[in-house]
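Input: a single structure, listed below in structure tokens.
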Number of protein chains: 2
Amino acid sequence: MHVTARADYAARAVIELAARLPAGATRQEIARSQQIPGKFLEAILGDLRRAGILEAHRGATGGYRLVADPVRITLADVIRVAEGPLAAVRGMPPEDVDYPGSAAALANVWIAVRASLRDVLEATTIADVLAKQLPEHVESLLARPDSWARR
Amino acid sequence: MHVTARADYAARAVIELAARLPAGATRQEIARSQQIPGKFLEAILGDLRRAGILEAHRGATGGYRLVADPVRITLADVIRVAEGPLAAVRGMPPEDVDYPGSAAALANVWIAVRASLRDVLEATTIADVLAKQLPEHVESLLARPDSWARR
DNA sequence: GCATAGCCTACTAAGTAAGTAGGAAAACTA
DNA sequence: TAGTTTTCCTACTTACTTAGTAGGCTATGC
């Protein structure tokens with residue numbers, strides 16, 4: 001249950017590019033304003049380009065620019081490009097793990113975990129994050145004080 | 001967003017021990033019935049013992065036995081022992097990651113993700129899994145057909 | 001033609017995940 | 001008391017991820 005640096009950086013790069021629309025930005029500009037190691041970011045931007053989320057242009061006036069509307073890009077889309085499927089158990093989708101006898105219902109718990117992750121990450125768009133106006137369901141999670149307890 | 005083998009195995013070991021109450025089981029017995037590599041399981045059982053979830057006895061009639069009531073052990077408890085905090089971003093709790101400017105609201109999304117994980121994993125006890133009777137909130141997630149889509 | 005900037009491959013170094021190996025220590029049994 | 005069983009502990013292997021570096025190639029605009 002760990003958001004990797006790749007996924008976090010990918011999300012921030014896409015948010016940064018959304019903020020600069022309709023213009024774009026170079027790798028250096030994104031790296032500096034989001035404090036991401038430049039060459040590491042380069043690899044992530046390559047994945048996002050191959051996934052069709054952004055486009056790149058080489059040369060003196062080159063850089064990256066979002067192709068899709070930030071309203072239509074969800075955080076789930078970006079995370080799947082950077083990290084793979086939203087929820088995996090021992091590297092497999094939850095329904096592929098088999099549980100002998102007494103632990104059978106554990107698979108259902110992992111499926112519920114995946115569903116609740118989707119409820120947050122497929123509902124939240126890049127435009128939502130940029131506007132600091134998250135979906136109702138997400139805001140209601142944040143409104144509960146114990147959501148902020150560290151544990 | 002990945003459940004490690006450690007966490008999955010830990011949960012299954014505790015479920016297996018709950019199923020065998022009031023008796024216990026040896027590492028070999030747990031390993032065989034849950035199909036977990038024996039020596040790897042040994043390390044995990046050691047952590048669960050040090051966390052006070054189970055107790056161990058050496059010798060010919062030795063083995064492991066749950067000390068707490070399965071109704072009072074949540075999946076979150078077990079996962080925290082095996083894996084650490086439920087949700088981390090780049091190895092840190094979400095509130096410790098700082099986001100420059102336009103990505104500021106991203107921290108809130110990670111906090112909402114953690115809250116929704118807690119809603120599932122702190123509500124579900126070992127007894128629930130064993131009885132195949134999950135909490136209402138979890139069952140209602142599973143009742144939605146798109147929770148079962150692979151994606 | 002030159003500077004800029006993305007593209008691609010390869011490498012290093014540290015850390016984690018998953019699993020293995022072997023022996024020491026404790027506890028029961030004959 | 002000797003032998004068996006089982007946990008306990010340290011150390012190791014293998015592979016992958018994270019983070020970062022180096023350098024050359026390719027496309028683009030002035």
Side-chain angles (χ1 to χ4, degrees), chain A residues 1-13 17 20 23-32 34-51 53-67 79 81-85 88-92 97, chain B residues 1-13 17 20 23-32 34-51 53-67 79 81-85 88-92 97:
Chain A
M1 303 286 161
H2 186 235
V3 181
T4 62
R6 270 187 83 80
D8 183 52
Y9 290 161
R12 286 156 67 177
L17 282 169
R20 292 173 184 247
T26 66
R27 184 202 64 181
Q28 284 272 346
E29 286 165 346
I30 301 169
R32 236 193 316 264
Q34 286 296 325
Q35 312 200 95
I36 301 172
K39 288 298 253 179
F40 192 32
L41 178 61
E42 191 181 287
I44 297 166
L45 290 170
D47 288 341
L48 291 166
R49 174 181 59 83
R50 279 181 287 270
I53 290 174
L54 46 83
E55 62 183 8
H57 266 264
R58 304 204 221 190
T61 59
Y64 298 89
R65 188 167 57 237
L66 277 194
V67 286
I79 293 172
V81 169
E83 248 192 22
V89 182
R90 289 158 53 210
M92 290 178 281
V97 187
Chain B
M1 303 285 163
H2 185 235
V3 180
T4 62
R6 270 187 83 80
D8 182 54
Y9 292 161
R12 285 157 65 177
L17 283 169
R20 292 171 183 249
T26 67
R27 182 202 67 180
Q28 283 273 346
E29 287 166 345
I30 301 169
R32 238 195 314 267
Q34 285 296 326
Q35 312 200 95
I36 302 172
K39 287 300 254 178
F40 192 32
L41 177 60
E42 192 181 288
I44 297 165
L45 289 170
D47 287 341
L48 290 167
R49 174 181 59 82
R50 279 181 287 270
I53 291 175
L54 45 83
E55 63 183 8
H57 266 265
R58 304 204 224 192
T61 59
Y64 299 88
R65 188 168 56 238
L66 277 195
V67 286
I79 293 173
V81 169
E83 248 193 22
V89 181
R90 289 160 52 210
M92 289 178 280
V97 187

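Every value quoted in this text rests on a predicted model; they were computed, and no experiment measured them. Both backbone and side-chain heavy atoms feed into the values below; hydrogens, waters and symmetry mates do not. Letters A, B, ... mirror the listed sequences (proteins, then strands); counts begin at 1.
Spacing between atom CG of B:L54 and atom C1' of D:dT7 amounts to 12 Å, rounded to whole angstrom units. With rounding to whole Å, A:F40 atom CZ is found 17 Å from C:dC8 atom P. When rounded to the nearest whole Å, the span between CG of B:D47 and C1' of C:dT16 equals 14 Å. Rounded to an integer number of Å, the gap from CG of A:D8 to C1' of D:dA19 is 14 Å. Between B:I44 atom CD1 and C:dA18 atom C1' there is a gap of 9 Å when expressed in whole angstrom units. Between A:R90 atom CZ and D:dA15 atom P there is a gap of 19 Å when expressed in whole angstrom units. In this structure, CD of A:E55 is placed 13 Å from P of C:dG6, rounded to the nearest angstrom. If you take CE of A:M1 and P of C:dT16, they are 19 Å apart, rounded to a whole angstrom.
Among the atoms of the strands shown, only primed sugar atoms or phosphate atoms (P, OP1, OP2) are found under 4.0 Å from some heavy atom of A:R6. Among the heavy atoms of the strands lying under 4.0 Å from A:E42 is at least one base atom, whether or not backbone atoms are also near. Counting any heavy atom pair closer than 4.0 Å across all strands shown, B:G63 reaches sugar-phosphate atoms only and no base atom.
Here the nucleotide nearest the side chain of A:T26, chosen from D:dC8, D:dT5, C:dG6, is C:dG6. For B:A56, whose side chain is taken as the heavy atoms from C-beta onward, the closest listed nucleotide among D:dT7, D:dT28, D:dT18 is D:dT7. Among the nucleotides D:dT21, C:dC28, D:dC8, the one closest to any side-chain atom of B:R49 is D:dC8. Set against D:dC8, D:dT18, D:dG23, the side chain of B:K39 has D:dC8 as its closest nucleotide.
When the side-chain nitrogen and oxygen atoms of B:Y9 are compared with OP1 and OP2 of C:dA18, none of them lie within a distance under 4.0 Å. Look at A:R65 and you won't find any side-chain N or O under 4.0 angstrom from OP1 or OP2 of C:dG6. For D:dC8, one of the phosphate oxygens OP1 or OP2 lies less than 4.0 angstrom from a side-chain nitrogen or oxygen of B:Y64. At C:dG6, none of the side-chain N or O atoms of A:R50 fall inside 4.0 Å of OP1 or OP2 (strictly under the cut-off). Residue A:R27 places no side-chain N or O under 4.0 Å from the OP1 or OP2 atom of C:dC7. Distances shorter than 4.0 Å separate none of the side-chain N or O atoms of A:T61 from OP1 or OP2 on C:dA5.
The base of D:dT7 lies close enough to the side chain of B:R58 for a donor and an acceptor atom to sit less than 3.5 Å apart.
Salt bridge annotation for A:E42-A:R27: present, with a cationic side-chain nitrogen under 4.0 angstrom from a carboxylate oxygen. A salt bridge links A:R65 to A:E55: one of the charged nitrogens lies within less than 4.0 Å of a carboxylate oxygen.
Two residues, A:A5 and B:G46, neighbour DNA chain D, and the one matched to the more 5' nucleotide by heavy-atom proximity is B:G46. Residue B:E83 is the one, among B:E83 and B:H57, whose nearest nucleotide of DNA chain C lies closer to the 5' end (criterion: closest heavy atom).
Nearest heavy-atom pair, A:L41 versus A:A13, reported as atom, atom and distance to 0.1 Å: CD1-CB, 3.9 Å. Contact record, B:A25 with B:L17: N-CD2, 3.9 Å, taken as the closest heavy-atom pair.
In this structure a side-chain-to-backbone donor-acceptor pair under 3.5 Å is missing from A:H2 to B:V89. Judged by distance alone, with hydrogens and angles left aside, the side-chain atoms of A:E29 form a donor-acceptor pair with the main-chain N or O of A:T26 at under 3.5 Å.
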